[in-house]
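If you're wondering where the values come from, they're calculated on a predicted model, not measured in any experiment.
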Amino acid sequence: MSIQDSHILVIDDAPENIRDLLQALRTHPWRITLATTAEQGYHRAQSLVPDLILLDVRMPGMDGFALCRLFQELPRARATPILFLTSASSAEERLEGLNHGAVDYILKSCDPAEIIARIQIHLRLARRTEAPEVAAEAAPTRDEAMLRAAMRLISRQLSNAFTLEEIAAGVGTYDKRLSSIFRQQLGMTVFAWIREERLRKSRELLTDTTLGMQEIAENIGFRSACNFTTAFRERLGVTPSEYRKAARQGTVDMGRRAG
């Protein structure tokens with residue numbers, strides 16, 4: 001299939017603000033689908049499997065960054081090029097968009113002709129790198145997608161002192177629902193999972209690096225090496241230094257205690 005047969009999904013809560021672009025897009029033989037809420041965009045991306053997504057950032061309820069994180073957990077949307085098209089112009093916002101899976105970040109003030117040129121480039125690149133067909137992967141439920149997205153968000157920023165509200169907003173939901181998802185899916189609270197993830201990451205750093213205890217503590221979100229050592233010993237029954245020494249010696253029992 002050529003790029004002329006492509007299907008483009010535009011997700012924007014105020015399409016009247018991009019009327020010129022939409023008119024320009026429709027002069028091409030592409031199929032254009034419009035979603036005016038993040039929720040609608042999520043379902044249309046999953047059901048229609050577009051070839052490219054133009055995604056706004058500042059939308060009510062769920063912003064574009066949260067929606068992009070959810071797309072990364074959907075097998076049918078994961079490989080779709082996402083281009084942010086937004087008025088959110090700060091350097092921090094541009095970096096956040098690109099760090100969470102988008103292939104481009106375009107300001108709405110950009111000329112429609114340039115936006116279309118970028119779309120053509122990304123459609124060609126997507127065609128060129130198209131992976132061979134693989135066995136179909138079952139689509140996660142909405143709760144499963146949110147859980148995976150939250151876990152990925154936390155794991156990428158373990159040193160952050162997240163609040164529950166911040167994590168929930170980051171995956172397009174609210175704190176009580178996210179708490180319920182973690183309890184139902186994992187049998188633990190969000191912060192219990194964060195603690196386990198921090199300690200899991202600490203074991204990797206102890207085994208694979210020569211970082212000192214304070215550096216490891218800072219990398220995984222503990223306030224001090226003392227707090228990290230206390231939490232590690234309570235969970236694993238040994239100090240981090242003892243674990244590192246045993247890991248390097250290949251002690252089997254130590255590996256079992258860390259599982």
Side-chain angles (χ1 to χ4, degrees), residues 5-88 93-94 96-98 100-108 110 112 115-116 118-119 122-123 126 136-150 152-153 165-178 180-181:
D5 301 315
S6 299
H7 180 192
I8 297 173
L9 173 61
V10 181
I11 306 172
D12 195 304
D13 67 306
E16 64 276 9
N17 294 336
I18 54 169
R19 186 179 294 110
D20 290 347
L21 173 61
L22 291 172
Q23 289 175 350
L25 287 171
R26 289 180 175 126
T27 65
H28 291 261
W30 299 321
R31 177 186 172 193
I32 308 298
T33 298
L34 178 64
T36 56
T37 67
E39 188 76 23
Q40 192 178 65
Y42 176 87
H43 291 296
R44 290 187 176 177
Q46 193 169 26
S47 61
L48 300 177
V49 195
D51 298 291
L52 183 141
I53 297 172
L54 282 177
L55 177 58
D56 191 15
V57 171
R58 294 172 179 163
M59 296 186 289
M62 183 194 309
D63 68 24
F65 295 144
L67 183 55
C68 190
R69 292 185 189 104
L70 293 184
F71 284 155
Q72 303 310 306
E73 308 306 326
L74 299 179
R76 302 183 74 184
R78 190 179 299 143
T80 304
I82 296 172
L83 285 65
F84 278 114
L85 178 64
T86 177
S87 58
E93 288 168 315
R94 294 197 302 272
E96 184 169 3
L98 294 170
H100 287 293
V103 298
D104 208 342
Y105 196 101
I106 309 168
L107 296 182
K108 286 184 175 178
C110 189
I115 298 173
I116 287 173
R118 293 189 185 208
I119 289 171
H122 289 296
L123 286 172
E137 183 181 342
T141 65
R142 182 64 173 275
D143 282 359
E144 288 169 342
M146 283 185 173
L147 174 68
R148 295 177 192 179
R152 195 184 300 273
L153 172 63
E165 291 79 6
E166 287 170 339
I167 299 168
V171 295
T173 190
Y174 53 93
D175 52 356
K176 289 183 179 179
R177 183 178 180 191
L178 188 66
S180 176
I181 290 171

Student check: side-chain heavy atoms of [X] and [Y] closer than 4.5 Å:
X	Y	value
I82	Q72	yes
P50	T33	no
S6	P29	no
R148	V171	no
Y42	L70	yes
R31	L48	yes

Could you grab the distance from atom [atom1] of [X] to atom [atom2] of [Y], nearest 0.5 Å is fine?
X	Y	atom1	atom2	answer
T37	R44	OG1	CZ	8.0 Å
L25	D20	CG	CG	11.0 Å
T173	M146	OG1	CE	4.5 Å
I119	D51	CD1	CG	12.0 Å
I115	D104	CD1	CG	10.0 Å
I181	L147	CD1	CG	7.0 Å

[X] and [Y]: which non-hydrogen atoms are nearest, and at how many Å?
X	Y	value
A168	D175	CB-N, 3.6 Å
A150	I167	CB-CG2, 4.2 Å
A88	Y105	O-OH, 2.6 Å
L22	P15	CD1-O, 3.9 Å
A145	P140	N-CB, 4.0 Å
Q46	A139	NE2-CB, 3.7 Å

Residues V10, I18; criterion side chain to side chain contact (heavy atoms under 4.5 Å, CB included); working and verdict: CA-CA 10 Å; V10 181; I18 54 169; 3.9 Å; yes
Whether R26 side chain and I32 backbone form a donor-acceptor pair below 3.5 Å: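 Side chain of R26 to backbone of I32, a donor-acceptor pair under 3.5 Å: no, none is there.
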Compile the donor-acceptor pairs under 3.5 Å between side chains in residues 52-66 and protein atoms, sequence neighbours left out, one pair per line.
| residue | atom | partner | partner atom | Å |
| --- | --- | --- | --- | --- |
| R58 | NH2 | E93 | OE1 | 3.3 |
| R58 | NH2 | E93 | OE2 | 3.0 |
| D63 | OD1 | F65 | N | 3.1 |
| D63 | OD1 | A66 | N | 2.8 |

Verdict with supporting geometry, H7 and V49, side chain to side chain contact (heavy atoms under 4.5 Å, CB included): CA-CA 8 Å; H7 180 192; V49 195; over 6 Å; no
